[in-house]
Amino acid sequence: MSAHSTNQRAGSPAIVVRPVDRSLVVITLCLITAGLIMVLSSSQALAYVYYNSALYFFERQAVGMALGVIAMVVICRMDLTRLRSWARPVAAALMLFSLLVAVPHLGIKVNGAQRWFALGPLGTFQPSEFAKLGYSLFMADWLVRRGERLRSLEQGFLPFLVLVALGIAPLLLLQHDLGTTLVMSTIFVAAFLAAGGRFLHLGVLALLVIAALAAVTVVSPYRMARFASFRNPLADPLGTGFQSTQAIYALGSGGPLGVGLGHSVEKFLWLPEAHTDFIFAIVGEETGLWGTTGLLLLFLAFAIRGYRIALKSRDRFCMVAATSITTWIVFQALLNMGGVSDTLPIAGVPMPFVSYGGTAVASVLAAVGILLAISRRTDDPSYTTKETIDEASDSGGRDGRTPVTRPRRRAGATS
């Protein structure tokens with residue numbers, strides 16, 4: 001069988017199975033390799049002081065990365081129809097986990113936030129990291145099922161707004177995770193646009209999101225302190241602006257070429273969260289402008305490949321899912337870089353692929369597996385590609401099942 005083998009069921013579009021997007025694979029391998037190197041370099045001092053082992057964080061990151069690579073390989077070979085059928089139950093399970101993690105004695109609290117489950121010697125599990133992937137698939141499925149109704153205010157935008165504002169956002173805010181809430185909001189906006197939502201409705205949603213973020217910032221002294229330090233971190237370099245000030249020192253001391261791998265000064269307990277949310281500062285200190293620019297270009301290349309996969313997909317669910325996943329990973333990386341460089345307020349989100357966190361790296365690699373699965377499959381252009389007859393959907397199909405497209409009859413053909 002050739003690499004471009006074709007599998008077709010009776011009455012369904014032909015599916016052309018292609019090789020995975022090799023460029024995306026190479027980009028992903030470069031990012032996770034850079035991540036392993038920088039986690040090892042940035043965490044050695046902290047690991048030795050607290051755990052008497054310089055490799056403590058590196059070993060756990062390697063395990064999370066290995067599990068993520070396995071998940072990526074398995075998922076990229078999965079049937080996307082089956083993957084879509086799991087979107088709703090997986091989202092429901094993640095909502096349950098988001099509630100349970102806030103229950104005292106079930107979830108554990110770190111730095112005042114209760115977002116993790118303890119897994120003993122394996123470390124911790126953060127449901128919100130997998131929620132980014134689970135909700136991306138769920139939202140893609142839900143929006144595509146709306147079909148043309150999505151452009152309607154009453155049948156499209158308002159149900160979408162209610163679902164996000166009352167169904168998902170409160171679960172994230174319950175964990176005091178403003179950064180993840182912001183990333184998730186961006187995922188939903190990207191999915192809404194990709195599925196055919198109207199820009200006018202999106203403008204209203206953007207205003208509501210900005211107002212909500214401003215409100216939760218004002219009522220939280222911790223977030224207000226972060227915002228004040230963003231405006232001028234040097235005004236209180238030993239207090240609220242300490243972390244931002246040390247990050248700026250790290251980036252500035254790196255110069256064009258950096259001080260060399262392993263030679264960072266800031267990682268010796270000067271810069272808090274040097275191996276997690278602020279690892280980009282250590283990248284800048286040790287590899288300089290060339291290293292930070294290279295990392296930025298890798299994420300730019302990732303964005304190009306991810307959106308290209310979305311644009312080439314003839315299936316609307318795959319297109320929306322690929323857009324959501326790509327937007328999530330790239331936006332979170334830019335948000336992290338902006339916070340570390342004091343270009344944006346600190347959001348407290350890790351850098352995908354690079355920051356320490358087994359749950360985070362495993363969920364991102366699983367998401368890449370979905371992108372690769374989408375890149376392997378496309379509908380034969382000789383068949384109709386209208387989304388399963390507008391997903392006849394949920395509204396037209398009386399039996400609740402999504403109808404399939406039929407081969408288009410050529411002009412002049414007789415029965």
Side-chain angles (χ1 to χ4, degrees), residues 3-4 15-35 64-87 90-91 129-141 143-144 183-184 186-191 193-195 295 297-334 350-354 359-379:
H4 295 264
I15 300 297
V16 180
V17 181
R18 306 180 185 277
V20 297
D21 190 314
R22 295 186 180 91
S23 297
L24 184 61
V25 173
V26 171
I27 294 167
T28 300
L29 291 177
C30 289
L31 284 168
I32 62 175
T33 300
M65 201 165 286
L67 293 175
V69 170
I70 293 172
M72 180 179 71
V73 172
V74 171
I75 291 174
C76 83
R77 304 179 69 86
M78 285 183 60
D79 182 357
L80 291 171
T81 303
R82 177 181 300 177
L83 190 66
R84 180 177 180 178
S85 69
W86 290 352
V90 167
E129 289 299 331
F130 276 103
K132 296 170 187 175
L133 175 57
Y135 292 164
S136 294
L137 296 178
F138 167 76
M139 190 57 68
D141 177 61
L143 288 169
V144 168
V183 173
M184 205 77 74
T186 305
I187 293 172
F188 295 156
V189 167
L193 281 177
L295 198 57
L297 290 176
L298 281 174
F299 279 108
L300 176 61
F302 185 94
I304 292 172
R305 301 310 302 181
Y307 288 127
R308 184 174 181 272
I309 289 171
L311 290 172
K312 289 183 66 178
S313 176
R314 296 177 177 273
D315 179 84
R316 285 186 62 201
F317 168 75
C318 292
M319 184 267 291
V320 176
T323 301
S324 302
I325 290 170
T326 305
T327 301
W328 151 34
I329 294 173
V330 174
F331 176 77
Q332 183 170 317
L334 294 177
M351 177 175 286
F353 302 108
V354 181
T359 307
V361 74
S363 65
V364 169
L365 287 171
V368 173
I370 294 175
L371 286 178
L372 293 175
I374 295 172
S375 74
R376 295 180 66 236
R377 304 177 71 84
T378 182
D379 291 346

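Numbers for residues simply follow the sequence, beginning at 1.
- To the nearest 0.5 Å, atom CZ of residue R376 and atom CE of residue M78 are 12.0 Å apart.
- By the 4.5 Å heavy-atom criterion applied to side chains, K312 and Y307 are not counted as neighbours.
- In this structure D141 satisfies the side-chain hydrogen bond (donor to acceptor under 3.5 Å, both in side chains) test together with R84, R88, R145, sequence neighbours excluded.
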Subject >> Steps toward side chain to side chain contact (heavy atoms under 4.5 Å, CB included) verdict (V189, F331) >> reply: CA-CA 12 Å; V189 167; F331 176 77; over 6 Å; no

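- In this structure, the separation between OG on S324 and CD1 on I187 is 7.0 Å, given to the nearest 0.5 Å.
- Going from atom CZ of F353 over to atom CG of L295 covers 10.5 Å, rounded to the nearest 0.5 Å.
- F138 contributes atom CZ, which lies 9.0 Å from atom CG of L143 (distance to the nearest 0.5 angstrom).
- Applying the salt bridge (Lys or Arg N to Asp or Glu O under 4.0 Å) definition to pairs two or more places apart or across chains, none involves residues 360-373.
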Residues 362-370 side chain polar contacts: donor-acceptor under 3.5 Å, at least two apart:
residue, atom, partner, partner atom, Å
S363, OG, T359, O, 3.2
S363, OG, A360, O, 2.8

Original post:
Between F130 and V90, does a side chain to side chain contact (heavy atoms under 4.5 Å, CB included) hold up when you go through it step by step?
Top reply: CA-CA 10 Å; F130 276 103; V90 167; over 6 Å; no

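- Listed by chain and number, the residues in a side-chain hydrogen bond (donor to acceptor under 3.5 Å, both in side chains) with Q332 are K132, W328 (sequence neighbours excluded).
- Across every non-hydrogen atom of S23 and R305, the tightest pair is CB-NE, 3.6 Å.
- Of the inter-residue distances, the one linking W86 atom CH2 with T81 atom OG1 reads 12.0 Å to the nearest 0.5 angstrom.
- For the pair A310 and M319, the tightest heavy-atom approach, listed with the atom from each and the gap, is O-CG, 3.1 Å.
- Contact between Y135 and A91 at its shortest, heavy atoms only, is CE2-O, 3.9 Å.
- Shown here are the side-chain hydrogen bond (donor to acceptor under 3.5 Å, both in side chains) partners of T323, two or more places apart in sequence or in another chain: there are none.
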Identify each donor-acceptor pair in which a side-chain atom of residues 24-34 lies under 3.5 Å from a protein atom, sequence neighbours left out, and give them as a table.
residue, atom, partner, partner atom, Å
T28, OG1, L24, O, 2.8
T33, OG1, L29, O, 2.7

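- For the side chain to side chain contact (heavy atoms under 4.5 Å, CB included) test with I374, the passing option among I309, D21, L83 is I309; the others fail.
- Contact of the P350 side chain with the E129 side chain is registered, since non-hydrogen atoms from C-beta on lie closer than 4.5 Å.
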